[in-house]
Amino acid sequence: ADTKKADQPKETDQPRQEGPALTWHRPVLVQETIDLLQPVPGTTFVDCTTGTGGHSLAILPHLTPPGIDTIQVGRLIAIDRDAAALAQATSRLTEFRSQVTFVQDSFSRLPEILAEQGLTQVHGVIADLGMSSLQVEDPARGFSFRHEGPLDMRMDQRAPLTAADVVRTYSEDELVA
């Protein structure tokens, strides 16, 4: 089989619905990521910034051997602070659901997350740092430069403090610190 084609998220993997919250982000450098991580059956990987699951989608087929020997099936821990993105990743990765543990949290807690999952080591970690274009294009998230919306800017919508709260309540010294 041609693994290069299998590694790449396909156009058909992206929903054809309108609105930024319903469109899957397509990651770049997917093949290069697979080449560097070298995922194989039976190994465990962590996607620290899962987003809508593009890199996870490329890694997961490598964690399942031909014939699907359940002893050799690998595992992926999918972490993201953004509940909306994680929900999309959950939908996108349905085929691999038994291999994926979804965690809404910050990758800064990676050691604790791994301990909570009973893991002392993993074979590889990916962190595609930065903001998703889906977050920037959604006016309700408060990151957009092109659309009017609330000054929110929270990656994790459970966080109580919005950017508007910070600007309104912090002193000038606190803002520049």
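Owing to the predicted nature of the structure, the values given are computational and were not obtained by experimental measurement.
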Peer 1: If you take all heavy atoms of Ile34 and Ala58, which pair is closest and at what distance?
Peer 2: CD1-O, 3.5 Å
Peer 1: Where the side chain of Thr50 meets the backbone of Asp80, is there a donor-acceptor pair that is under 3.5 Å apart?
Peer 2: no
Peer 1: Same cluster or not: Leu37 versus Leu93, using hydrophobic residues (I, L, V, M, F, W, Y) connected whenever any side-chain heavy atoms lie under 4.5 Å apart?
Peer 2: yes
Peer 1: Taking Val125 as the starting point, is it possible to reach Ile77 by hopping between hydrophobic residues whose side chains are less than 4.5 Å apart?
Peer 2: yes
Peer 1: Output the distance between atom CG (Leu57) and atom OG1 (Thr52), rounded to the nearest 0.5 Å.
Peer 2: 9.5 Å
Peer 1: Where is the tightest heavy-atom contact between Gly53 and Arg92, given as atom of each residue plus distance?
Peer 2: C-NH1, 3.8 Å
Peer 1: Distance from His62 atom NE2 to Leu76 atom CG, nearest 0.5 Å?
Peer 2: 12.0 Å
Peer 1: Roughly how far apart are Gln135 CD and Met153 CE, rounded to 0.5 Å?
Peer 2: 10.5 Å
Peer 1: Within the structure provided, determine whether Leu161 and Tyr170 are in side-chain contact (heavy-atom separation under 4.5 Å).
Peer 2: yes
Peer 1: Out of Arg141, Gln88, Gln104, Gln157, which residue meets the side-chain hydrogen bond (donor to acceptor under 3.5 Å, both in side chains) rule with Asp82?
Peer 2: Arg141
Peer 1: Could you check Val103 against Gln117 for side chain to side chain contact (heavy atoms under 4.5 Å, CB included), going step by step and ending with a plain yes or no?
Peer 2: CA-CA 10 Å; Val103 179; Gln117 297 301 316; 4.3 Å; yes
Peer 1: Provide the closest heavy-atom pair for Asp165 versus Thr169 in the form atom of the first, atom of the second, distance.
Peer 2: O-OG1, 2.6 Å
Peer 1: Kindly give the heavy-atom pair with the smallest separation between Asp35 and Gln38, and that separation in Å.
Peer 2: O-CG, 3.2 Å
Peer 1: So Leu60 and Glu95, do their side chains get closer than 4.5 Å, heavy atoms only?
Peer 2: no
Peer 1: To the nearest 0.5 Å, how far apart are CD in Gln121 and CG in Leu114?
Peer 2: 10.5 Å
Peer 1: How about Glu172: does its CD atom have over 12 heavy atoms from other parts shown lying under 6.0 Å from it?
Peer 2: no
Peer 1: Locate the shortest heavy-atom distance separating Ala140 from Pro150; write the atom from each residue and the value.
Peer 2: O-CG, 3.6 Å
Peer 1: Taking the side chain as everything from C-beta on, heavy atoms only, tell me whether Pro41 gets closer than 4.5 Å to Leu63.
Peer 2: no
Peer 1: Determine whether Phe45 and Ser56 make a side-chain contact, defined as any pair of heavy atoms from C-beta on separated by less than 4.5 Å.
Peer 2: no
Peer 1: Strictly distance-based, threshold 3.5 Å: is any side-chain N or O of Thr33 a donor or acceptor partner for the main-chain N or O of Leu29?
Peer 2: yes
Peer 1: Please report the shortest heavy-atom distance between Cys48 and Leu110, naming the atom on each side.
Peer 2: SG-CD2, 4.1 Å
Peer 1: Tell me whether Asp156 is salt-bridged to Arg154, with the criterion being a basic N under 4.0 Å from an acidic carboxylate O.
Peer 2: no
Peer 1: Say whether Leu151 and Phe143 are linked into one hydrophobic cluster, either directly or through other cluster members, by side-chain heavy-atom distances under 4.5 angstrom.
Peer 2: yes
Peer 1: If you round to the nearest 0.5 Å, how far is CG of Leu86 from CZ of Phe102?
Peer 2: 6.5 Å
Peer 1: Among Val46, Leu119, Asp105, Thr101, find the one that has a side-chain contact (heavy atoms from CB on, under 4.5 Å) with Ile113.
Peer 2: Asp105
Peer 1: Rounded to the nearest 0.5 Å, how far does CG of Leu129 lie from CZ of Phe107?
Peer 2: 5.0 Å
Peer 1: Applying side-chain hydrogen bond (donor to acceptor under 3.5 Å, both in side chains), run through Gln99 and Thr64 and close with a yes or a no.
Peer 2: CA-CA 9 Å; Gln99 294 171 255; Thr64 306; 3.0 Å; yes
